[in-house]
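In the text below, chain A, chain B and the rest are named by the order of the sequence lines, each starting its count at 1.
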Amino acid sequence: MATAEGQGPENPHGIRAGPSGACRLGGKSPDSRAMKFRTHTCAALRAGDIGSRVTLAGWVGSRRDHGGVVFVDLRDREGITQVVFRPEEHPAVAEAAHGLRDEDVIKVSGTVARRLEGTENSKLATGDVEIVADEIVVLNKAEVLPFPLDEQIANEDLRLTHRYLDLRRPAMASNLRLRHRVIKTVRDVLDADGFWEIETPILSKSTPEGARDFLVPSRLNPGSFYALPQAPQQYKQLLMAAGVEKYFQIARCFRDEDLRADRQPEFTQADIEMSFITAEDIFALIERMFVAVFREAWGVEIATPFPRMTYREAMDRFGSDKPDTRYAQEIVDVGDIFAGTEFKVFRGALDGGGVVRALNAKGLAKITTGQIEELTGMAKQFGAKGLAFIKCENGEWKSPIVKFFTEAEKAALRERLSIEEGDLVLFGADRRDIVCEVLGRVRLRAVEILGITHDPRRLDFLWVVDFPLLAWSEEEQKWNAVHHPFTRPKAGDVALLDEERHADVRAEAYDIVLNGVEIGGGSIRIHEADLQAKMFSVLGVGEDQQASMFGHLLKAFRFGAPPHGGIALGLDRLVMLLAHAESIRDVIAFPKNNRGVELMTASPSAVDFRQLRELYIASTKKA
RNA sequence: GGAGUCUUAGCUCAAUUGGUUAGAGCGCCGCCCUGUCACGGCGGAGGUUGCGGGUUCGAGCCCCGUAGACUCCGCCA
């Protein structure tokens with residue numbers, strides 16, 4: 001390292017104390033010390049280090065210039081150490097310190113000293129000591145920043161445009177560190193269990209099912225395209241056919257759909273697949289993994305096994321396939337109470353084979369008319385004709401519908417829903433799936449309006465099991481896979497496929513839900529070619545398409561593929577929960593905004609026509 | 001594709017019913033200050049109120065359009 005540290009013209013801000021070239025090095029030569037940029041991090045020094053000579057490097061966090069003595073909070077990713085510049089001891093160094101500005105990068109050498117009596121800072125881990133600087137090298141001056149690093153900033157555009165500055169903020173650095181620790185823990189748990197981490201192609205093949213693909217044109221095969229993987233699904237199953245038995249990958253996945261606060265076009269999954277296992281093996285493995293992850297991230301011991309609930313029960317009780325079980329309010333069926341009702345709305349729903357269900361939003365009678373309208377609008381958006389309600393206020397039931405109820409019905413309702421003063425009861429009367437969805441959404445909004453908060457460390461894990469295999473798509477007028485086309489029907493339900501009772505077939509599929517957020521999902525797969533072919537047929541994938549799109553998989557299944565299954569965990573969402581972040585963008589180093597634009601580099605961008613020509617691509621966009 | 005909210009100084013925000021020269025804190029610049037840690041004091045610079053149009057004697061504020069950001073719906077096997 002021949003680069004001078006402040007002596008040459010290339011470092012005009014370098015100032016040294018004492019006679020030119022003189023260094024106090026405790027016997028070490030300047031050259032040997034020059035090999036080391038710093039002796040400690042900014043979080044390392046304690047009272048035990050008092051008297052030793054140290055060198056730190058970092059950013060000027062804040063500068064408190066008293067005209068004479070100057071204090072600088074020197075920050076690196078580990079922490080902060082106070083540096084004091086004393087003109088009476090090192091005048092040239094103190095003079096240089098007057099010129100420091102926020103975020104200048106400096107290297108400081110000096111002696112660790114106990115802070116003066118009464119000036120210790122208990123907020124800093126290093127707050128008992130300070131460094132009395134006798135040498136400073138300004139490694140790089142910083143211009144005035146576009147936004148302050150020491151306060152909450154609302155303008156996310158600005159943060160993303162200058163992400164390298166945003167990530168200097170301790171809260172963001174802490175998220176990056178947390179993410180690293182979580183991924184490291186996942187790797188360690190899987191490695192200890194005999195898993196092999198195997199990379200699969202990023203340039204892969206488009207398949208008809210699922211989300212919209214990102215496409216990559218192939219120069220060597222004009223007119224052909226790779227697709228970026230939505231998940232390494234087929235490759236990992238083929239690795240099972242290859243006898244790998246235990247595979248995992250911290251896999252980047254790509255889906256070209258609209259973004260959300262918890263959704264990015266590229267995201268990371270902990271992708272796992274195993275052979276010769278049942279769902280129980282997956283549950284046990286993942287529970288073990290979460291124990292390790294939460295121990296590492298939060299230092300807590302979580303309880304296992306996690307509760308389980310069937311999809312059907314989740315929909316009936318919570319109106320969601322990812323129920324937030326932290327909230328007590330549940331949906332209750334009241335169809336039997338109104339079996340003889342004359343109230344047209346309920347009568348019609350029941351006679352039409354639908355259901356009448358209710359949700360008691362405890363304490364929400366204070367709801368405003370505007371909020372009732374909002375809930376009603378929400379109900380209509382999800383297919384209901386309206387949203388009936390009873391406000392229980394001042395000892396009476398205020399409601400446009402209660403006049404249609406008999407005394408017996410009212411009494412039964414009161415008991416079934418434990419209705420008390422201050423409650424708001426909301427009704428859904430319609431097709432079962434609509435009522436579930438509507439009351440499920442209303443339930444979450446009611447909780448929001450009530451402002452119910454929980455211990456931020458509360459963790460309600462839940463396995464949701466027995467998902468339906470298929471769902472009818474009105475839009476496409478065909479059956480689609482609820483999970484994906486490779487999911488295994490439950491053994492007892494395979495016969496239902498032949499009977500054309502597609503809606504009743506349950507899958508060997510499971511999701512893991514934490515506090516109402518789906519953080520992972522998986523299934524036991526089909527490993528027999530004939531069953532897989534039948535599944536494709538049900539999904540409307542013809543034989544020709546099966547051969548061209550999935551021939552490799554079907555063939556592999558004919559050459560001795562073992563029974564297998566797996567799961568994928570959404571790492572971004574998991575880290576988001578662990579970090580208590582409100583946006584997935586806060587746990588990704590360089591995320592994309594709502595429109596899929598990465599603001600710092602301004603990608604995506606137009607490309608030169610020659611690049612397109614090489615790829616045999618022409619844009620149809622009108623200029 | 002649809003709905004909602006937002007856009008005022010570098011940053012965070014204010015500006016009564018439409019009414020004088022659009023303010024404050026932080027930051028920035030200058031001067032002063034030897035124990036601060038949100039250091040302090042004095043002074044100063046900094047604005048096409050996103051953009052375009054309209055209503056009005058007068059628009060940051062009202063209306064229309066447009067751009068951008070965020071949140072949600074659709075979408076996301």
Every protein N/O lying under 3.5 Å from an N/O of nucleotides 39-47 of chain B:
unit_1, atom_1, unit_2, atom_2, d
rC39(B), N4, Asp65(A), O, 2.3

Atom pairs under 3.5 Å, N or O on each side, protein against nucleotides 10-13 of chain B: can you list them with distances?
unit_1, atom_1, unit_2, atom_2, d
rG10(B), O2', Pro146(A), O, 2.5
rU12(B), OP1, Asn155(A), N, 3.0

Below 3.5 Å, can you tabulate the donor-acceptor pairs from side chains in residues 599-606 of chain A to any protein atom, sequence neighbours excluded?
unit_1, atom_1, unit_2, atom_2, d
Thr601(A), OG1, Glu598(A), OE1, 2.7

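A distance of about 25 Å separates the C1' atoms of rU36(B) and rG44(B), rounded to the whole Å. Rounded to the nearest Å, the gap between the P atom of rG53(B) and that of rC6(B) is 24 Å. Taking atom P in both rG46(B) and rG30(B), one finds a spacing of 16 Å when rounded to whole Å. Taking the P atom of each, rA15(B) and rC31(B) are spaced 37 Å apart, rounded to whole Å. rG4(B) sits 40 Å from rA45(B) when the C1' atoms are compared, rounded to a whole Å. rG60(B) sits 11 Å from rU21(B) when the P atoms are compared, rounded to a whole Å. Comparing the same atom, P, in rG35(B) and in rG40(B) gives a spacing of 14 Å after rounding to whole Å. Straight-line distance between the P atoms of rA14(B) and rG25(B): roughly 16 Å, to the nearest whole Å.
With respect to Arg64(A) and Asp73(A), a salt bridge is recorded, a charged nitrogen being found less than 4.0 Å from a carboxylate O.
Listed pair Arg585(A) / rU71(B) meets the phosphate criterion, a side-chain N or O lying under 4.0 Å from OP1 or OP2. Between Arg441(A) and rC73(B) there is a side-chain N or O to OP1 or OP2 distance below 4.0 Å. Regarding contacts with the backbone of rA69(B), every side-chain N or O of Asn594(A) stays at 4.0 angstrom or more from both OP1 and OP2. In this model, the phosphate group of rU36(B) is not approached by any side-chain N or O of Arg115(A) to a distance below 4.0 Å at OP1 or OP2. Under 4.0 angstrom from either OP1 or OP2 of rC76(B) there lies no side-chain N or O belonging to Arg260(A). Within the structure, a side-chain polar atom (N or O) of Asn593(A) is placed less than 4.0 Å from OP1 or OP2 of rA69(B). Between Arg595(A) and rA69(B) there is a side-chain N or O to OP1 or OP2 distance below 4.0 Å.
Residues forming a side chain to side chain donor-acceptor pair (under 3.5 Å) with Arg525(A) (at least two apart in sequence, or on another chain): Glu273(A), His484(A), Ser523(A).
In this structure, Lys236(A) contributes its side chain and Phe248(A) its backbone to no donor-acceptor pair below 3.5 Å.
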| field | Criterion salt bridge (charged side-chain N to carboxylate O under 4.0 Å, His left out) on Lys385(A) and Asp430(A), from CA distance to verdict | value | CA-CA 8 Å; Lys385(A) 292 168 201 77; Asp430(A) 213 311; 3.1 Å; yes

| task | Walk me through it: do Arg163(A) and Asp166(A) pass the test salt bridge (charged side-chain N to carboxylate O under 4.0 Å, His left out)? | result | CA-CA 5 Å; Arg163(A) 189 60 156 181; Asp166(A) 192 38; 2.7 Å; yes

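By the 30° and 60° cut-offs, the orientation of the rings of Phe550(A) relative to Phe486(A) is perpendicular.
The stretch residues 369-383 of chain A participates, sequence neighbours left out, in these salt bridge (charged side-chain N to carboxylate O under 4.0 Å, His left out) pairs: Glu374(A)-Arg445(A). A salt bridge (charged side-chain N to carboxylate O under 4.0 Å, His left out) check over residues 581-597 of chain A, counting only residues at least two apart or in different chains, returns the pairs Glu156(A)-Arg585(A), Arg159(A)-Asp586(A), Glu266(A)-Lys592(A).
Residue Glu130(A) is classed as a base contact, given a heavy-atom separation below 4.0 Å to a base. When heavy atoms are screened at a 4.0 angstrom cut-off, Val70(A) is found touching no nucleic acid atom at all. If you check every strand for non-hydrogen atoms under 4.0 Å, Phe486(A) touches nothing. Using a 4.0 Å heavy-atom distance criterion, Gln381(A) is classed as a sugar-phosphate-only contact. Nucleic acid contact class of Asn480(A) (heavy atoms, under 4.0 Å, all strands): none. Residue contacts for Arg445(A): at a heavy-atom cut-off of 4.0 Å it reaches no nucleic acid atom on any strand shown.
Judged by distance alone, with hydrogens and angles left aside, Arg255(A) brings no side-chain donor or acceptor close enough to the base of rC76(B) to form a pair under 3.5 Å. Taking 3.5 Å as the limit, the base of rG74(B) and the side chain of Asp258(A) contain a donor-acceptor pair of atoms between them.
For Val69(A), taking side-chain heavy atoms from C-beta onward, the closest of the listed nucleotides rU71(B), rC76(B), rG35(B) is rG35(B).
Nucleotide rA69(B) forms a pair with rU5(B), judged by Watson-Crick or G-U wobble geometry with both contacts under 3.5 Å. rC28(B) is paired with rG44(B) under the criterion used here, namely a Watson-Crick or G-U wobble arrangement in which both key atom distances are under 3.5 Å. Within the shown strands, rC13(B) is the pairing partner of rG23(B) under the Watson-Crick or G-U definition, both distances less than 3.5 Å.
When each of Val60(A), Leu149(A), Asn140(A) is checked for a side-chain contact (heavy atoms from CB on, under 4.5 Å) with Glu103(A), only Leu149(A) meets the rule.
Under the 4.5 Å side-chain criterion, counting only non-hydrogen atoms from C-beta, Asp466(A) is in contact with Lys490(A).
Closest-nucleotide positions on RNA chain B for Val84(A) and Val144(A) were compared, and the one nearer the 5' end corresponds to Val144(A). When each of Arg114(A) and Leu599(A) is assigned the nucleotide of RNA chain B bearing its nearest heavy atom, the one mapping closer to the 5' terminus is Arg114(A).
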